[in-house]
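Proteins come first, then strands; the chains are lettered A, B, ... in the order of their sequence lines, and each starts at number 1. The basis for the numbers below is simple: all heavy atoms, side chains too, and nothing from hydrogens, waters or symmetry mates.
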Amino acid sequence: MDVTYILDPLNETQREVVSASSDHALVLAGAGSGKTRVLVHRIAWLVETGQVPPHGILAVTFTNKAAMEMRSRIEGMLNRSLGAMWVGTFHGLAHRMLRLHWKDTDLPEGFQILDSEDQSRMVRRVIRTMGVDDSKYPPKQAQWFINTQKDEGLRPKHIDDHNDTWTDQMLRIYQSYEEACQRGGLVDFAELLLRAHELLRDRDDLLRHYQRRFSHLLVDEFQDTNTIQYAWIRLIAGDTGRLFMVGDDDQSIYGWRGARIENIHRFPRDFPEVHTYRLERNYRSTANILAAANAVIANNRSRLGKNLWTSDENGEPIYLYVAFNEQEEAEFMVERIRQWIEDGGHRDHVAVLYRTSAQSRVFEERLLASGIPYRVHGGLRFYERAEIKDALAYLRLVVNRYDDAAFERVINQPPRGIGMRTLETIRSEARSQVISLWSASEALLGRSELLPRATGAVANFLRLIQDLASDTPINDDQPSQTAPGKPLYEVVDRTLQKSGLLRHYKTDKSDRAEARVENLEELVSAVRQFERNEVAYQINVEQDGIDPLAAFLSHAALEAGEARTQGKSVHLMTLHAAKGLEFPMIFLCGLEEGLFPHQRSASNQKQLEEERRLCYVGMTRAKRILYLSYAESRRLHGSEYYQRPSRFIDEIPAKLIQEVRARNSEKSRFGGTKFASKKKTAKTHSTWKTNQGMKDMETQWPPGQSVLHPSFGEGVILCYEGHGPHMRVQVSFSKVGTKWLVLSYAKLQAI
DNA sequence: CGCAGCACCTTTTTT
DNA sequence: AGGTGCTGCG
């Protein structure tokens with residue numbers, strides 16, 4: 001087979017990597033060095049040289065988007081069907097394995113996936129059922145605890161509470177939560193991975209089957225894998241599978257959600273004959289942008305080491321804009337975008353990146369006022385909307401009567417006269433008999449133990465679900481029988497009608513209700529789309545023979561449905577969301593200490609390095625033009641902050657940076673002057689007495705002011721927040737470090 | 001049952 | 001500040 005078409009478009013290193021013959025490969029692929037390209041060409045090369053049939057390949061990514069892109073690019077290259085190749089996300093592939101082997105996993109055939117919101121509700125319910133004080137043990141923390149343990153591959157029995165009350169309580173919650181999920185046939189995201197791992201670990205025959213089948217395993221974004229993901233891959237690889245891991249330690253930005261960068265370090269120790277390759281040639285950015293990004297990341301100590309280079313020209317300098325406040329920062333940015341468009345630039349070639357999602361609002365307001373179309377990435381997605389989840393909950397009950405999470409969600413949605421009293425009765429019956437809410441309801445009805453009014457309502461509800469089920473291609477008595485000729489979208493449509501959901505929102509005349517009706521109608525077309533040409537349908541239903549409705553529900557949970565882009569818009573997103581993307585013009589905003597790097601990461605070296613990598617990721621998104629900006633004052637959750645410029649700015653060689661002023665100079669000069677004079681006033685009068693009013697109190701403690709504290713000693717004011725009696729200052733003490741002090745209590749003295 | 005008012009929280013987010 | 005979720009009341 002002629003494979004020159006696969007190797008020819010590559011540079012020398014890429015070619016070497018793609019045609020590597022060593023057992024295992026670790027590819028450290030810098031930003032913009034052709035990471036996806038290498039993966040795609042590697043797979044194409046393996047298949048075209050006849051080393052492995054598509055069937056023998058397992059390729060894993062983190063996001064559906066990346067998986068889709070990889071799949072379609074391979075398909076485009078090979079011009080043949082990849083039906084038998086496993087390409088998908090960790091969660092998607094784990095799910096596929098569990099569906100195929102549900103009998104071996106102690107799960108019901110119709111098991112369903114809990115998304116984070118479902119999980120959070122479930123945890124709250126469990127805590128309450130246990131009679132635990134949820135103010136002492138907040139559901140959010142318990143949820144975090146559970147997920148963290150699962151990410152590490154730990155079940156309650158593996159965890160030692162070290163005689164710590166808190167850990168012990170968390171363990172109990174974890175335990176009960178697991179039992180509740182098991183009873184309801186429910187699986188959260190982390191559970192998908194953990195179960196898939198346990199399935200292979202405990203079933204020799206299955207493990208051998210998959211080990212024999214997948215002779216080549218390829219992992220994208222290796223630096224983002226967590227413990228259980230890496231363990232799963234190692235298990236399938238066994239002694240014979242060949243691993244091809246692609247990642248970039250400098251772009252590891254998900255440590256906070258369990259990603260183990262150590263996996264990269266461990267890999268060569270876990271497997272013999274790992275060849276390490278470095279892709280350092282960047283095809284994306286100008287030399288100036290790269291030099292700046294390299295300079296920033298060089299400040300990190302824990303690195304495998306890599307230096308990106310380009311043959312591209314220097315290009316424009318890095319622009320830095322110092323704004324008076326966040327309003328002016330946005331104003332400047334919008335003005336520059338306006339010019340860009342005026343000069344013929346495309347709107348969607350521009351991205352505004354920020355550290356926290358709350359920062360988007362000011363930019364949105366300004367863009368809106370200027371009539372520039374924009375799109376905010378992230379946020380609530382289609383399948384996460386309340387009304388959609390209500391509709392899905394009905395369908396979940398149809399598939400699986402014991403799904404308590406779904407039961408709770410819709411038993412009184414739309415309202416059908418089942419109040420807290422009745423629900424509590426059902427819950428307590430379920431609790432005492434250790435059965436599902438559905439079974440508890442049946443039992444209570446059978447014994448006529450509900451209030452007369454509730455009796456009818458509950459009976460109607462149960463009958464409704466049964467009616468829907470008998471309408472539906474799947475039902476409890478004949479689980480695997482698919483009714484011919486009834487499309488799924490009709491089933492969904494009927495569910496919306498019969499459940500009364502649609503009517504409920506149609507009669508509601510609030511402004512939101514209209515959008516909800518539209519969304520529900522959109523759901524029907526989403527289902528139709530799913531049946532017609534979604535890859536997930538082809539694989540799960542047509543190939544694996546999974547029930548269509550169950551497959552659709554999983555699809556909805558696993559792929560929450562990115563909002564559609566409408567036309568060409570300026571992109572607004574967090575730095576995290578920007579990973580993997582590139583734009584000709586980037587605005588990197590809010591470069592202030594405390595915001596970026598974020599306050600909560602400032603205290604510890606490891607977290608600080610992750611912030612720096614985030615900065616590196618942001619900068620390397622830019623192809624031609626990179627704007628940096630910070631605001632001297634910023635309004636954040638209700639109070640004013642004055643912070644120093646981010647240390648990351650100092651880490652960029654000054655010669656690469658050009659400070660810019662707004663073209664709309666009159667206004668900004670006015671703002672700047674005003675601010676400067678205010679600062680001067682503050683310094684001159686720093687000995688004012690506090691009884692001169694709140695305004696004076698603020699000006700008495702300007703950032704930079706040296707102070708003396710009776711017990712902490714000398715320090716310098718970093719910033720302040722709040723007003724009047726709530727006003728607090730952050731002081732960096734030379735002896736005891738940084739502390740927040742409430743001014744009205746602390747006996748601070750200006751020196 | 002629905003609504004109004006109040007406490008609470010607030011980094012990053014995919015699956 | 002602003003949004004969310006819970007409580008208590010009508």
### Message
Counting the atoms with a prime plus P, OP1 and OP2 as sugar-phosphate, which does Leu114(A) contact under 4.0 Å by heavy atoms, base, sugar-phosphate, or nothing?
### Response
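Nothing, no nucleic acid heavy atom in range.
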
#### Entry: Length of the CZ-C1' vector between Arg124(A) and dT4(C), whole Å
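Distance check: Arg124(A) CZ to dT4(C) C1' gives 11 Å.
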
#### Entry: Ala29(A) versus Gln251(A), closest heavy-atom pair with distance
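Result for this residue pair: O-NE2, 4.3 Å.
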
### Query
Quantified in whole Å, what is the P atom distance between nucleotide dT12(B) and nucleotide dG5(C)?
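One P to the other, the span is 16 Å.
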
#### Entry: Over-ring placement of Arg234(A) relative to Tyr230(A), 6.0 Å and 45° cut-offs
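Because its charged atom sits under 6.0 Å from the ring centre and within 45° of the axis, Arg234(A) does stack over Tyr230(A).
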
### Query
Is Thr225(A) close to Phe62(A) at the side-chain level, that is, under 4.5 Å between some pair of heavy atoms?
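A side-chain contact exists here, since the closest heavy-atom pair is under 4.5 Å.
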
### Summary
Protein-proximity profile, nucleotides 7-15 of chain B, B/S/- by nucleotide at the 4.0 Å heavy-atom cutoff, equals ---BBBBBB

### Query
How are the rings of Tyr254(A) and Trp256(A) set relative to one another: parallel (under 30°), tilted (30 to 60°) or perpendicular (over 60°)?
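Judged by the thresholds at 30° and 60°, the geometry between Tyr254(A) and Trp256(A) is tilted.
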
### Task
Test Phe407(A) against Phe461(A) for ring pair (Phe, Tyr, Trp, His ring centres under 6.0 Å), laying out the working first.
CA-CA 10 Å; Phe407(A) 188 97; Phe461(A) 177 67; 5.6 Å; yes

